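What follows is a short report on a single structure.
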Amino acid sequence: MTVNLTFHGAAECVTGSCMLLDTGRTRLLIDCGMFQGPKTLKALNYAPFPFDVAKVDAVLLTHAHIDHSGLLPKLVRAGFRGPIFATRGTRDLCEVMLADSAGIQESEVRHLNRRNEQRGLKRVEPIYTTSDVEPTLRLFETVKFNVPHDVAPGVEAVWWPAGHLLGAASIEVRIGQGDDPLTLLFSGDIGSGRQPFLPRPSGPVDVDHVILESTYGDRERIDLELDARRQALAVELRAARAAGGPLLMPTFAIGRAQELILDLLAVMDAEPDLAADIFLDSPLAIEATEVFLQRGWNADTGDNPFERLRHAARLHHLLRPQESDRLERLTGWHVILAGSGMCDAGRIRRHLKRLLWRKEVTVLITGFQAAGTLGRLLAEGRTAVRIQGEDIHVGARVRSLDNYSGHGDATDLVDWLKARGAVAGSVLLDHGEPTALATFAARLSGLGYRAITAGLDQTWALRRDKAEPVSRGPARLAPGQATRPDWHNERSAFLASLNAVLQQLPGDAERQALIRNLEAALTSVPPEARQ
Ligand SMILES: [Zn+2]
């Protein structure tokens, strides 16, 4: 039996998870996520899917994060009417996430079209709108963990807890009837098993092929235990308070925000000097908190640590934009959590625009920042950034904590793989940046696995004991483009340094000389080279 698997996202990058599995009898998508990162990569979200949507029979969803679920409404808008199989926790989180994502699409496109009109450029259509979300949610069919489900003719699937997020799963897919099906295991995103409130990841043994995420394939020993991360957070809070405050935390709304608030409250309980008002400025995070309050976090433990979020006196939930605006009048020590976690959308951008230049402000980044995002540029120590068309000098202290990752480190991934027993065929690596993928592939090869790195839109023929590349679709990106800063990033950096140099020059004559030099470079582009 030959089964074809094509990687339509999260190949050579960490976003846009989407794989097409063609068994000859049926075609299934595993995840349908949104690309995040440089504008050139995000542009793929607007282009048509590189496969025939009408021929897809069902979607198997690993978890709710937007880079795994965010293009489901686009799929439905393009005509998909099959079932979307997911756990109950994933479905409930998707209900709040996809509605929020649609709202973001609509407002970003409104903003962009205003600018495009001013510049005489063409209008763009949103990827999807809020009216696409309800029909998408109606297609969800919920599955239970650890039991087989018939998902398509001749295909059975089992969702195994992945310990990454409420509802998150690895999906085992068994293809073919009888006692000896071809078995594939899609890891989804894997937790470390060391995070508080989350189950240990589990899974089947002795599968034929594993498709394995590699986000931290080149990283080791991240302290994820509760005490360690609260100590690290306390150190950051003390320094931020000493700098004069406020503390601004770009926050992933689903899970991370809730964990951070619990930890902030615990640190402030232990050190009353650090006590501050905490503003959760994210309607999505506030709604997600409700899901966690209803569903708990870890089905294995009876109690729900998030109950604390209902009654904390200094925690303020800001739902309406006007409430967010009022923060502008606040001075002194306080904490603001706002999305998005990588600063490429949401209310955080307005706070950054307002506060980033001030040296008493601290920005604390807690999570993986994809290449080319504003969060990554800040974490890398840029001294100037461009936000919504404005150049902003970075005067604030920018700090990063990696104790809050929902992903395991390289050793956690290896331990998870070893616990799966023998792998008859290959380990296909996805969901990693090039260095992480190369480092991790070498490590797995050293351990005797046949490790393969999947390319974008590359199709692999999977037989029992081997995976062979069969074809690759037309290039949607230049090599390395998914994780390299693109021309938008470079233009922002260039404009910021141009402004800085113009200010530093001693007089107007020198400034005009510099501008004339740059104009000469522009006129060197012949008219026929322009469209
Ligand atoms: Zn995830």
Side-chain angles (χ1 to χ4, degrees), residues 163 165-166 191-199 221-282 285-286 288-290 292-293 296-298 300-318 327 330-339 341 348 351 355 360-367 379 396-407 409:
L165 172 72
L166 173 69
S192 67
R194 294 179 283 126
Q195 288 116 320
F197 319 130
L198 283 170
R221 308 280 20 119
I222 304 166
D223 278 331
L224 298 165
E225 287 82 2
L226 198 55
D227 282 351
R229 76 181 201 194
R230 284 184 177 170
Q231 279 170 25
L233 184 64
V235 169
E236 296 300 335
L237 282 181
R238 281 178 219 130
R241 174 137 177 54
L247 174 63
L248 189 52
M249 303 175 83
T251 311
F252 296 89
I254 308 288
R256 188 73 40 80
Q258 292 76 16
E259 288 191 47
L260 276 170
I261 293 169
L262 276 188
D263 285 4
L264 285 168
L265 292 170
V267 168
M268 290 175 186
D269 283 349
E271 289 186 51
D273 275 2
L274 297 176
D277 284 317
I278 302 168
F279 298 93
L280 179 57
D281 189 17
S282 164
I286 294 163
T289 300
E290 281 306 310
F292 290 124
L293 286 170
W297 182 265
N298 180 350
D300 300 340
T301 64
D303 66 344
N304 188 338
F306 297 96
E307 277 297 327
R308 173 104 208 256
L309 303 186
R310 272 194 215 278
H311 309 295
R314 302 198 78 161
L315 172 62
H316 310 279
H317 287 164
L318 309 185
L327 293 180
L330 224 56
T331 53
W333 172 232
H334 58 280
V335 180
I336 300 172
L337 292 93
I348 191 70
H351 293 303
L355 294 171
E360 71 274 23
V361 170
T362 302
V363 178
L364 182 56
I365 288 170
T366 55
R397 304 164 65 249
V398 179
R399 305 278 306 159
S400 295
L401 274 183
D402 59 9
N403 314 63
Y404 285 87
S405 177
H407 293 267
D409 60 26

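In this text, all values refer to a predicted model and were calculated from it rather than measured experimentally.
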>> Would you say Arg397 and Thr362 are linked by a side-chain donor-acceptor pair, where the criterion is simply a distance under 3.5 Å?
In response: yes
> Which pair of heavy atoms, one from Asn304 and one from Leu293, lies closest together, and at what distance?
Replying inline: ND2-O, 3.3 Å
> Would you call Asp269 and Arg230 a salt bridge, using N to O less than 4.0 angstrom?
Replying inline: no
> Where is the tightest heavy-atom contact between Leu337 and Ala257, given as atom of each residue plus distance?
Replying inline: CD2-O, 4.4 Å
> Which word best sums up how the rings of His316 and Phe279 line up, parallel for under 30°, tilted for 30 to 60°, or perpendicular for over 60°?
Replying inline: parallel
> Could you state the interatomic distance from CE (Met249) to CG (Leu401), rounded to the nearest 0.5 Å?
Replying inline: 7.0 Å
>> Using side chain to side chain contact (heavy atoms under 4.5 Å, CB included), reason through Leu262 and Phe306 one step at a time and then give a plain yes or no.
In response: CA-CA 7 Å; Leu262 276 188; Phe306 297 96; 3.8 Å; yes
> Would you say the side-chain atoms of Arg399 pair up with the backbone N or O of Ala240, donor to acceptor, closer than 3.5 Å?
Replying inline: no
> Listed by chain and number, what are the ring pair (Phe, Tyr, Trp, His ring centres under 6.0 Å) partners of His317, not counting sequence neighbours?
Replying inline: none
> Of all heavy-atom pairs between Ile365 and Pro250, which one has the smallest distance, and what is that distance?
Replying inline: CG1-CG, 4.2 Å
> Are Glu271 and Arg238 side-chain neighbours, meaning at least one heavy-atom pair lies under 4.5 Å?
Replying inline: yes
> In a check of side chain to side chain contact (heavy atoms under 4.5 Å, CB included) between Val335 and each of Asp277, Leu247, Leu315, which one passes?
Replying inline: Leu247
> In Å, rounded to the nearest 0.5 Å, how long is the span from CZ of Arg314 to CD1 of Ile261?
Replying inline: 14.5 Å
> Who pairs with Ala396 by side chain to side chain contact (heavy atoms under 4.5 Å, CB included), at least two apart in sequence or on another chain?
Replying inline: Leu356, Val361, Val363
> Got a second to check how far Leu318's CG is from Asp281's CG, nearest 0.5 Å?
Replying inline: 5.0 Å
>> Working to the nearest 0.5 angstrom, can you tell me the gap between Gln231 CD and Leu226 CG?
In response: 10.5 Å
> So, for Arg256 and Gly367, which heavy atoms are closest and what is the spacing to 0.1 Å?
Replying inline: NH1-CA, 3.4 Å
>> Within the structure provided, determine whether Ser282 and Thr251 are in side-chain contact (heavy-atom separation under 4.5 Å).
In response: no
> Where is the tightest heavy-atom contact between Ala266 and Arg308, given as atom of each residue plus distance?
Replying inline: N-NH1, 4.4 Å
> So Leu280 and Leu309, side chain to side chain contact (heavy atoms under 4.5 Å, CB included) or not? Walk me through it.
Replying inline: CA-CA 11 Å; Leu280 179 57; Leu309 303 186; over 6 Å; no
> Under 4.5 Å between any side-chain heavy atoms of Leu330 and Ile336, yes or no?
Replying inline: no
>> Closer than 3.5 angstrom, by distance alone: can the side chain of Gln258 be matched with the main-chain N or O of Ala253 as a donor-acceptor pair?
In response: yes
> Residues in ring pair (Phe, Tyr, Trp, His ring centres under 6.0 Å) with His351, at least two apart?
Replying inline: none
>> Under 4.0 Å between a side-chain nitrogen and a carboxylate oxygen: does that hold for Asp263 and Arg229?
In response: yes
>> Looking at Glu307 and Arg310, is there a salt bridge between them, counting it only when a charged N and a carboxylate O are closer than 4.0 Å?
In response: yes
>> Let's go through Leu237 and Trp333 carefully: what are the C-alpha distance in whole Å and the side-chain angles of both, what is the deciding distance for side chain to side chain contact (heavy atoms under 4.5 Å, CB included) to 0.1 Å, and is it a yes or a no?
In response: CA-CA 10 Å; Leu237 282 181; Trp333 172 232; 3.8 Å; yes
> What is the minimum heavy-atom distance between Leu355 and Pro246, and which atoms define it?
Replying inline: CD1-CG, 4.2 Å
>> Checking Arg194 against Asp409 for the side chain to side chain contact (heavy atoms under 4.5 Å, CB included) test, could you report, in this order, the C-alpha distance in whole Å, the side-chain angles of both residues, the deciding distance, and whether it holds?
In response: CA-CA 11 Å; Arg194 294 179 283 126; Asp409 60 26; 3.3 Å; yes
> Which of these passes side chain to side chain contact (heavy atoms under 4.5 Å, CB included) with Leu364: Val398, Leu233, Leu248?
Replying inline: Leu233
